[in-house]
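As the structure is a prediction and not an experimental result, all values here were calculated from the model. Convention: sequence-line order gives letters A, B, ...; per-chain numbering from 1.
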Amino acid sequence: MDRFTPSVTEPKWQKAWDEANVFLAKRDETKPKYYVLEMFPYPSGKLHMGHVRNYTMGDVIARYKMSTGHNVLHPMGFDAFGMPAENAAMASGGHPKDWTYANIDTMVEQMKPLGLSLDWSRMFATCDPDYYGQQQALFIDFLEKGLVYRKNAVVNWDPVDMTVLANEQVIDGKGWRSGADVERRELTQWFFKISDFSEDLLEALNSLDNWPAKVRLMQENWIGRSRGLEFSFERTDGADPITVYTTRPDTLMGASFVGISPDHPISKALEAENPDLAAKIAEMRKGGTTEEALEKAEKLGVDTGIRVKHPLNPDWELPVWIANFILMDYGTGAIFACPAHDQRDLDFCRKYDLPVIDTFFALDAEKPVGKEAFVPPKTEKVKWVNHFAGLDVATGQEAVGATIDYAEAQGWGKGVTNYRLRDWGLSRQRFWGCPIPVVHCESCGVVPEKKENLPIELPYDVDISIPGNPLGRHPTWRNTSCPKCGADALRETDTMDTFVDSSWYFARFTAPHAKTPTDLAEASYWMNVDQYIGGIEHAILHLLYSRFFARAMQICGHLPEKSIEPFDALFTQGMVTHAIYKNAERTDEHGRAIYHYPAEVEERDGGTFVIETGEKVEVIPSAKMSKSKNNVVDPLNIIENYGADTARWFVLSDSPPERDVEWTTSGAEAAYKHLGRVWTLCDRIGAMDPSETGQGDEDLLREMHKAIRDVTLGIESFGFNAAIARLYAFTNTLAKSKAGAAAKKEAIKVLAQLMSPMTPHLSEEIWAHQGGEGLITQAPWPVADEAMLVESTVTLPIQINGKRRSEITVAKDLAKEEVEKLALADDAVVKALAGGQPKKLIVVPGRIINVVI
RNA sequence: GCGGGCGUGAUGGAAUGGUAGACAUACCAGACUUAAAAUCUGUUGGGCCUUGUGCCCGUGUGGGUUCGAGUCCCACCGCCCGCACCA
């Protein structure tokens, strides 16, 4: 008997695929194309199970589409710029480039044994000068079309290391290395004008039928269209009025103060002349720049002493406060506060002893606001108090509309549509990124580099070991001549956000070696991505930025019009998780937690301990596998022990693909055993005398066709776990069947085909063993015979008052009246009715009967 | 804090508003074996008794809609993702 030996068969079939060039994608107008793409990895050093799961899903789709006659493009690359390479270089003294390319080599070596149907000839890394040079060309085109501009923006500033910090590097408001209190500081930065596309990006979400509804909803909320009122408060000192934007102008009679951002021009002017105020504003600027940090920070405010007049009552004076929770980027950077109907405003007013005025009450209770602001849904009717536009009972929505109309009619305000979406700041004060291709010239200002000088390459001779940007302190790299006037000039030292790199790689894959960013003929054939697969954590930023880039690239002629929405279908898979083992007895020299690998700990005496030291370990259940938490399982070990097919089968089998899956050793073993069983079954069937007859041939073939139907549907709907459950069931049916050799041979070949997207190596082996023609990878997908799927009878459960009490088996197309008669004649029903009549009789044809008594 | 999602046996999970627990793991029992592993077969949500083609309970908690709710609605609890310089 032949044994199931993945270590021998898997490399053999991978070689066969390579030699037949089956995964090489070539433009072929005679075939329908299918572009399947998984979000490309960051080369962190090792492949982890999350990658394996992600790529296996894409591979199932790619292989399935190939066998249904599609010309498939399935490429792979690396998102290779970013901070970890700099951190590694800082820690161990190497160069980010060497670290990154070494990691890429390792990861490619780890990916190849998985048997993925990738076209490796198209591989690139975003840190290849060939790729980022084309990205620089895109930047110059965007600049020409007015899609990029410069303005000031706030960054995290570490006052000890004198460097800009990423949000990730700010821990509890302190710099991760220096431990110093982080400050917010302004720098001149480059921005993409994504806000020009707010309305389009929002509206077009409606056309993305094959995207998850939750992703569309998240993007909708992120873009955040709101209709509000813009108006001004006159200052009592006669200075320029303060313009505010509010989405609740209907609560204007509940105003208790006017609030401005610490970055508002008025705040800045006051800061310059009033040291006392400047100190308080400086206090407000402490902490990180994230919205979360701003929202959670203690509400701080300071009275400017400025007074303004209420627009509806000139005798009513309101104080102007600077408040740390007001963002300069949203609206006008100034608001009016209505504490009765906004919790944040209320907390602020209670803290600083400012008045709280109710403007409406619930219909059933006229209760003044206490500790909690009264914030009913905008669609709920409420009772208004002395509303200036004459409202009595109305919803918030109606009141907002009426107020805007009233203000416009009276001429003191105008209705304005605002978006929460801000322009995308792309400047990074870091080394390992795509250099921004502009030159600063004393006489010409900021000048784009000439395209023939691209790529502007990163220098290799840099010192990465001290904080700050090595490009800025390189002895010669900055020195160049102005592309316009030829005079001595300096290069920009900022690099691009790594999100830029990942915002157009999908387009580059259609012509990865083109001398322009894309080749329109190739892009027109291969775009759009028919199926994009990646983590839900990218639901907003990466996907929104890519949608923006597709629009901008189309404007510059790099993509066809149809590619404005680049991803036709999106699937967001869950993560592979594993418990985290955190040392409960000590921390490292910086006071940070120490994490242990799964292999370093053991369970005993009802606790978990570090094997080597015996220290107690805190087990944090089921967290995302991440290098920093050391809770990773190495796929290579799994492949060495069980083979790639087992790893592929397991990551697909145990959880629905959109949900997280927790890696367990027992699950992998189970998958291995099952594949061994399938192989044994194949071997047994192969050994049967071809003329041998048996019983139940038709039953087996009927089950086979049902399996074809269910597995096909499972793959097409991303129900991989359900498809695999179905394959388990069909394998059991086949193993127990007493059918003849011909039927069994047909069944095992179809089983191999149905399994082939998940376990391609084993399937090839079975196919060859059973005398299949050519490669199973290139064989056409089996089609279910409709005639074999028809059932003549159906079993209907009978419920009495919604509880299952009995069942009857009837002919499939029996008339409803006949089913009712049979149901009423059922013993359990007769007994329950006790001679009476049912109140109601519900018959759902083919599904269920419910008798209501 | 804000936005989005998830919650079903011992475990992973299945279930177009229609028989809750498919399929698998684990456990238990049996077969094979000198023995173990492997393999094969079978049982397994909880409870009750009258052991039946029986009854009651059961999908995070509490309400609601419906002939019928794991599924829809509301509130709460817990966990996860994102929050614009992590990728």
Could you identify the nucleotide paired to rC76(B), looking across every strand shown and requiring Watson-Crick or G-U wobble geometry with both distances under 3.5 Å?
rG60(B)
Who pairs with rG1(B) - Watson-Crick or G-U, where each distance is under 3.5 Å:
rC83(B)
Spacing of the C1' atoms in rG60(B) and rG42(B) (rounded, Å)
34 Å
Would you indicate what L217(A) reaches in the nucleic acid, counting non-hydrogen atoms under 4.0 angstrom: base, sugar-phosphate, or nothing?
sugar-phosphate
Is there a Watson-Crick or G-U wobble partner for rA69(B) with both distances under 3.5 Å, and which nucleotide is it?
none
Is the phosphate of rA24(B), meaning OP1 or OP2, less than 4.0 Å from a side-chain N or O of N732(A)?
yes
Check every strand shown and say whether G425(A) touches a base, only sugar-phosphate, or nothing at a heavy-atom separation below 4.0 Å.
sugar-phosphate
If you measure from CZ on R547(A) to CG on L201(A), what distance do you get to the nearest 0.5 Å?
5.0 Å
OP1 or OP2 of rC83(B) sitting under 4.0 Å from any side-chain N/O of T290(A)?
no
Tell whether Q343(A) reaches the base of rC2(B) with its side chain through a donor-acceptor pair below 3.5 angstrom.
no
Is there a donor and acceptor pair closer than 3.5 Å between the side chain of R847(A) and the base of rU16(B)?
yes
Which nucleotide sits closest to the side chain of E537(A): rC55(B), rC81(B), rC67(B)?
rC81(B)
Taking 4.0 Å as the cut-off, does a side-chain nitrogen or oxygen of K214(A) come that near to OP1 or OP2 on rG5(B)?
no
Across the strands shown, which category fits V851(A) at heavy-atom distances under 4.0 angstrom: base, sugar-phosphate, nothing?
nothing
Would you call D158(A) and K174(A) a salt bridge, taking side-chain N to carboxylate O under 4.0 Å as the test?
no
If you take atom types as modelled and just measure distance, does the side chain of E292(A) reach the base of rC83(B) with a donor-acceptor pair under 3.5 Å?
yes
Could you tell me how far rC57(B) sits from rG70(B) if I compare only their C1' atoms? Round to whole Å.
16 Å
Stacked cation flag R420(A) on W222(A), 6.0 angstrom / 45 deg:
yes
Taking CG in D172(A) as the centre, count heavy atoms belonging to other residues, nucleotides or ligands within less than 6.0 Å. Is the count above 12?
no
With a 4.0 Å cutoff (strictly under), does any side-chain N or O of N221(A) reach OP1 or OP2 of rC2(B)?
no
At under 4.0 Å between heavy atoms, what does H542(A) touch on the DNA or RNA strands: base, sugar-phosphate, or nothing?
nothing
Would you measure the distance from the P atom in rC23(B) across to the matching atom in rU41(B) and give it in whole Å?
13 Å
Is D827(A) touching bases, backbone alone, or none of the nucleic acid, heavy atoms closer than 4.0 Å?
nothing
What's the shortest heavy-atom distance between R430(A) and T495(A), and which atoms?
O-OG1, 2.7 Å
Whichever of D423(A) and K296(A) has the more 5' nearest nucleotide on RNA chain B, that residue is K296(A)
Do you know which two heavy atoms are closest between W211(A) and R216(A), and how far apart they sit?
O-NH1, 3.6 Å
With C1' as the reference atom in both, quote the distance from rG17(B) to rC67(B) in angstrom, rounded to an integer.
12 Å
Can you find a donor-acceptor pair, distance only, under 3.5 Å between R430(A) side chain and rC85(B) base?
yes
Closest contact, heavy atoms only, A828(A) versus I800(A):
O-CD1, 3.8 Å
Counting any heavy atom closer than 4.0 Å, what does K831(A) reach on the DNA or RNA strands: base, sugar-phosphate only, or nothing?
nothing
What contact category does Q219(A) fall into here, base, sugar-phosphate, or nothing, at under 4.0 angstrom with non-hydrogen atoms?
nothing
Can you see if the side chain of N167(A) gets near the phosphate of rC83(B) - specifically, an N or O under 4.0 Å from OP1 or OP2?
no
With a 4.0 Å cut-off on heavy atoms, is N801(A) in touch with a base, just the backbone sugar-phosphate, or nothing at all?
nothing
Answer yes or no: does a side-chain N or O of R428(A) lie under 4.0 Å from OP1 or OP2 of rC85(B)?
yes
Atom CD of E220(A) to atom P of rG5(B): distance rounded to whole Å?
12 Å
Using a 4.0 Å heavy-atom cut-off, does I724(A) contact any base of the nucleic acid, only the sugar-phosphate backbone, or nothing at all?
nothing
Give a yes or no on whether a salt bridge exists between E295(A) and R344(A), defined as a side-chain N under 4.0 angstrom from a carboxylate O.
yes
When you measure from the side-chain N and O atoms of K803(A) to the phosphate of rC57(B), is any distance below 4.0 Å, counting only OP1 and OP2?
yes
Determine the interatomic distance between C1' on rU71(B) and the same-named atom on rC6(B); round to the nearest Å.
14 Å
Within the pair R677(A) and rC40(B), is there a side-chain N or O less than 4.0 Å away from OP1 or OP2?
yes
Over all strands shown, is S806(A) touching base, sugar-phosphate only, or nothing at heavy-atom distances under 4.0 angstrom?
nothing
Pick the P atom in rG18(B) and in rG68(B), then give their distance to the nearest Å.
14 Å
Distance, P atom - from rA24(B) to rC73(B), rounded to whole angstrom:
34 Å
Short side-chain N/O contact to rC56(B) OP1/OP2 from R805(A), under 4.0 Å:
yes
Can you tell me how far C1' of rG82(B) sits from NE2 of H538(A), to the nearest Å?
11 Å
